[in-house]
There are 2 protein chains.
Amino acid sequence: MSAISERRERERAQRHQLIITAARELAEAEGWEAVTTRRLAERVEYSQPVLYSHFTGKDDIMRAVAIEGFGELATRLRRARLTDPASPAALHAVCRAYLEFATEQPALYQAMFMLPTDVKFAHAETPPPLRAAFDEFVNCFHPDNQRRELFAEVTWSALHGIAALTESGRIPPNGQAERLDFLVTQIAATPRPGV
Amino acid sequence: MSAISERRERERAQRHQLIITAARELAEAEGWEAVTTRRLAERVEYSQPVLYSHFTGKDDIMRAVAIEGFGELATRLRRARLTDPASPAALHAVCRAYLEFATEQPALYQAMFMLPTDVKFAHAETPPPLRAAFDEFVNCFHPDNQRRELFAEVTWSALHGIAALTESGRIPPNGQAERLDFLVTQIAATPRPGV
DNA sequence: ACAGCATGTCTAGCACTGCTAGGATCAGGT
DNA sequence: ACCTGATCCTAGCAGTGCTAGACATGCTGT
């Protein structure tokens, strides 16, 4: 392997990442429906078919963006949890961090959790960063709690519901803090009949 | 207005409904991405432009399907609530009915709550059936509860999260009952520090 | 009863989409 | 110096939502 082909391989890897970043920026700026292969190719200053030498298609590019997002989400959730590891505070911090992530980067969040995907979630082939992000929720609950996974699953689902409905304009963006407080309070509560 | 033009208007109204039903069936059978204006036109046995004499475009057809769904959802939720109006049981029944609705008719649910839309939700122009559906959640909580709307909002969001993540394969379909039980228990609980 | 108007419908086409086949260009090794 | 293989681009395909213009039909005023 010559130095020249090494350089080529390096450039190829850079271009791979360039495509991912360009797709992400374009989606964040104008939405995923504006991310067409032509515009993307123009943006990375190559012709359209070059995209298909890196990815199998548009879906594959979106999947790459999503996986990049899983890593970032995991680190943000982890940092939030470790900032205040006391029991209910940690859950509250992680949940807030999750909602912030979703609102700050709506297109990225869409690629990760809303648009059709074939990324395996609760599965053996689950990307490790995704599993890591989920585990941040699990770790908010006491290790003795045998239903931690269930707790985490429902918490995550509820947060996703809030994020998704807010992003599509089906829930007013105001009062997010109240919803968050209420959700965390109830999840962390010891069941007692009431209402 | 002659009898003939009355008949025409009647036929036109029928065709309007026919388009909506055809779109809905096609979406339910093969997903919304398979609902193209050409296939839809072929299905109703008219040419493509006829669709545009009834609706402003594909979005408009999907909105019509969604609005039809809001009515059906409202009646189902209402029936569930009235079957067992006692306090926590009603909430449980309504939530279960919501999830059943989402799983039984995934494409319809998508049009209503997942795909981009410009239907106003918490707003003056909200379609009455949608408001009625939401009120079924509100009515699960005691009228003295000054935060009923918040309760309902978060409950709905959590259910939507579960439904959305399940439908897109991001959550395994098994264990839906456990998630439902847990959610309702926590929402109905009187807050007490725990975990 | 008939000309003219209005309504309704269709064929054909536009600009766009994701994706791909084929040829041209250029570097590498012999 | 030549061949080989990889790389990249131009051009094109089938399909998308949507629309303009032609055509036929049937209602209406004289």
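Just the heavy atoms: all of them, side chains too, but no hydrogens, waters or symmetry mates, feed the values below. Chain letters run A, B, ... following the sequence lines, proteins first, then strands; residues in each count from 1.
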Measure CD/A/Glu33 against P/C/dT17 and give the value in whole Å, please. 12 Å
Length of the NE2-C1' vector between A/His54 and C/dG18, whole Å: 18 Å
Spacing of B/Tyr52 atom OH relative to C/dT7 atom C1', expressed in whole Å: 21 Å
Calculate the interatomic distance between B/Ile61 atom CD1 and D/dT16 atom C1'; express it in whole Å. 14 Å
Begin from the C-alpha positions of B/Phe134 and B/Phe70 and carry the test ring pair (Phe, Tyr, Trp, His ring centres under 6.0 Å) through to its verdict. CA-CA 10 Å; B/Phe134 180 71; B/Phe70 292 141; over 10 Å; no
Let's see if you get this right: which residues in residues 35-51 of chain B place a heavy atom under 4.0 Å from DNA chain D? B/Val35, B/Thr36, B/Thr37, B/Arg38, B/Gln48, B/Pro49
Here the distance between atom P of C/dA27 and atom CD of A/Glu11, to the nearest Å, is 12 Å
How many angstroms lie between atom OH of B/Tyr109 and atom CZ of B/Phe101, to the nearest 0.5 angstrom? 9.0 Å
Is the count of non-hydrogen atoms from other residues, nucleotides or ligands lying under 6.0 Å from B/Gln17 atom CD greater than 12? yes
What integer distance in Å separates A/Asp59:CG from C/dT17:P? 16 Å
Check A/Asp135 with A/Arg131, please: is the shortest side-chain N to carboxylate O separation under 4.0 Å? yes
Testing the 3.5 Å rule here: is there a donor-acceptor pair between the side chains of A/Arg12 and A/His16? no
Greater than 12 external heavy atoms within 6.0 Å of A/Glu104's CD: yes
